[in-house]
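What follows is a short report on a single structure.
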Amino acid sequence: MTDQPKSIVILTGAGISAESGIDTFRDAGGLWEKHQVEDVATPEGFARDPDLVLGFYDLRRAALGKVHPNEAHRALARLEREFPGELLLVTQNVDDLHERGGSDRVLHMHGELKSALCQSCGIRTPWDAAMSNRPPCPVCQAPTLRPDVVWFGEMPYQMERIYAALSQCDLFVSIGTSGAVYPAAGFVQDARAARAATLELNLEPSEGTHHFTEARHGPAGELVPQWVDEVLGG
Ligand code: BV8
């Protein structure tokens, strides 16, 4: 890292939570090996079998209590505290490990396990219980809560804000993501169009690794603290 960047956008994926014990999607033994994406992560799957989908997310939400943030989450929280420039942390993850690792400003572009969306009144409320038992919406009382996560075919959250940050950043860093899902997988190209430097930190080369000006491969728990040290000057 030569001179310090002034504006950084970071995108994280399931790989940053892997060392905390949360299954990724596409690694061996990952979530999508046990479930068909179409059945549990699409509106059509939810309409077809709401019990299956609510149960899938109930299990993942309950599992959060058994896992803890790792050194990579904590390093990004340190960056948020000490980096003097602009920083936007965008995550594709629906877990709460960035927040529990000390990050205060996290943009969950694919929603969060610990949030409920009411299909009747449209209100989002913090939620850490089950939904399979059809609890009443805390606002309108209708038994129509769904996980507040973005399924395939649905619009990710705060895209305008993300694209605005990408157009002004001078460094884009992608951490722990396979580059398999859009629009997130396209952010590196948006950053390059804005003439930003681009860095991939991932266990192995992602599908989009050739778009990055620099790529480092290894566990996030090692690479991320090392990179944050570099950016903050040790
Ligand atoms: C949309 C939330 C319109 C729920 C998720 C054809 C071409 C292009 C696009 C499409 C297409 N057909 C359909 C589409 C659109 C579709 C899409 O991209 N499909 C793919 C399959 C082709 N996308 C959508 O539908 C999106 N919406 O497009 O709306 C639009 C378009 C533009 C602008 C606005 C609107 C909505 C997608 C969101 C789906 N929801 N999750 C839930 O979590 O249950 S997707 C889910 O998979 C994640 O959220 C994440 O986004 C995605 C990718 O997962 P990763 O995080 O990358 O995890 P993965 O397992 O894949 O990889 C882990 C990586 O970590 C690996 O590389 C591994 O090496 C690494 N790793 C492992 N261990 C470690 C590690 N790295 C470091 N350290 C370690 N220890």
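First listed ligand is number 1; within each ligand, the first listed atom is number 1. Atoms considered below: every heavy atom in the structure, side chains included; atoms not considered: hydrogens, waters and symmetry mates. None of these values were measured; they are calculated from a predicted model.
Short contacts between ligand 1 and V94, defined as distances under 4.0 Å to a heavy atom of the residue, involve ligand atoms 43 (O). Interface atoms of ligand 1 facing Y57, defined by a heavy-atom separation under 4.0 Å, are 4 (C), 42 (C), 44 (O). Annotation for ligand 1: atoms under 4.0 Å from non-hydrogen atoms of D27 are 68 (C), 72 (C). Ligand 1 places these atoms under 4.0 Å from at least one heavy atom of G13: 56 (O). Listed by number with element, the atoms of ligand 1 under 4.0 angstrom from any heavy atom of A180 are 20 (C), 22 (C).
Taking all heavy atoms of R60, H110, H35 into account, the minimum distance to atom 44 (O) of ligand 1 is reached by R60. Of the listed residues (A185, G15, G186, S206), the one carrying the non-hydrogen atom nearest atom 71 (N) of ligand 1 is G15. Of the options E222, E19, M109, M155, the smallest heavy-atom separation from atom 30 (C) of ligand 1 is shown by M155.
No side-chain heavy atom of L199 sits under 4.5 Å from any side-chain heavy atom of T213. In this structure, the side chains of W227 and L79 come closer than 4.5 Å at one or more pairs of heavy atoms. Side-chain contact check for P183 versus M159: some heavy-atom pair is nearer than 4.5 Å. Contact check for S120 versus C137: no side-chain heavy atoms found under the 4.5 Å cut-off. Annotation: side chain of L89 is in contact with side chain of L76 (closest heavy-atom distance under 4.5 Å). The side-chain heavy atoms of V173 and I8, taken from C-beta on, include a pair separated by under 4.5 Å.
The distance between the ring centers of H110 and Y157 does not fall below 6.0 angstrom.
Protein non-hydrogen atoms do not reach within 4.0 Å of atom 3 (C) of ligand 1. Under the 4.0 angstrom criterion, atom 42 (C) of ligand 1 counts as having a protein heavy-atom contact. Protein non-hydrogen atoms do reach within 4.0 Å of atom 35 (C) of ligand 1. Atom 14 (C) of ligand 1 is never approached by the protein to below 4.0 angstrom, counting heavy atoms only. Protein heavy atoms are found inside the 4.0 Å sphere centred on atom 56 (O) of ligand 1. By the definition of a contact as any protein heavy atom under 4.0 Å away, atom 11 (C) of ligand 1 is not in contact.
Remark: ligand 1 and M159 share no N or O pair separated by less than 3.5 Å (distance only, no angle test). Considering backbone and side-chain atoms together, P156 places no N or O closer than 3.5 Å to any N or O of ligand 1. Taking distance alone, with nitrogen or oxygen atoms compared against 3.5 Å, F25 approaches ligand 1 more closely than that limit. Considering both main-chain and side-chain atoms, G153 comes within under 3.5 Å of ligand 1 through a nitrogen or oxygen pair. Considering backbone and side-chain N/O of Y163, none are found under 3.5 Å from N/O of ligand 1.
Put simply, part of G218 is less than 4.0 Å from ligand 1, judged by heavy atoms. The closest approach between any non-hydrogen atom of P219 and ligand 1 is below 4.0 Å.
Protein heavy atom closest to atom 8 (C) of ligand 1, with residue, atom name and distance, is Y182 CD1, 3.8 Å. Atom 39 (C) of ligand 1 has its closest protein heavy atom at V150 O, 3.4 Å. Here the protein heavy atom with the shortest distance to atom 50 (C) of ligand 1 is Q92 OE1, 3.4 Å. Scanning the protein for heavy atoms near atom 1 (C) of ligand 1, the closest one is E154 O, 3.5 Å. Of the protein's heavy atoms, R26 NH1, 3.2 Å lies nearest to atom 47 (O) of ligand 1. Of all protein heavy atoms, the one closest to atom 67 (O) of ligand 1 is N202 ND2, 2.9 Å. Ranking the protein heavy atoms by distance from atom 37 (C) of ligand 1 puts V181 CG1, 3.6 Å first. Annotation: atom 78 (N) of ligand 1 to nearest protein heavy atom, A220 N, 2.9 Å.
Taking all atoms of both residues into account, the shortest heavy-atom contact from A47 to P50 is O-CD, 3.8 Å. The minimum heavy-atom distance between R61 and D58, with the atom names listed, is NH1-OD1, 2.9 Å. In terms of heavy-atom proximity, T198 sits nearest to F212 at OG1-CA, 3.3 Å. Of all heavy-atom pairs between A75 and P225, the closest is CB-CA, 3.7 Å.
Heavy-atom neighbours of E86 CD from other residues, nucleotides or ligands within 6.0 Å: at or below the threshold of 12.
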Original post:
Checking side chain to side chain contact (heavy atoms under 4.5 Å, CB included) for the pair E80/D104: CA distance, chi angles, key distance, verdict?
Top reply: CA-CA 8 Å; E80 180 188 275; D104 292 329; 3.4 Å; yes
Subject >> Derivation of the side chain to side chain contact (heavy atoms under 4.5 Å, CB included) call for L11 and Q92 >> reply: CA-CA 7 Å; L11 172 71; Q92 300 172 89; 3.8 Å; yes
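Using cut-offs of 30° and 60° on the angle between ring planes, the pair Y57 and W151 is tilted.
Considering E222, E230, E200 as possible partners of R216, the one that fulfils the salt bridge (charged side-chain N to carboxylate O under 4.0 Å, His left out) test is E230.
Residue L52 is grouped with residue L113 when hydrophobic side chains (ILVMFWY) are merged at heavy-atom distances under 4.5 angstrom, including chains of intermediate members.
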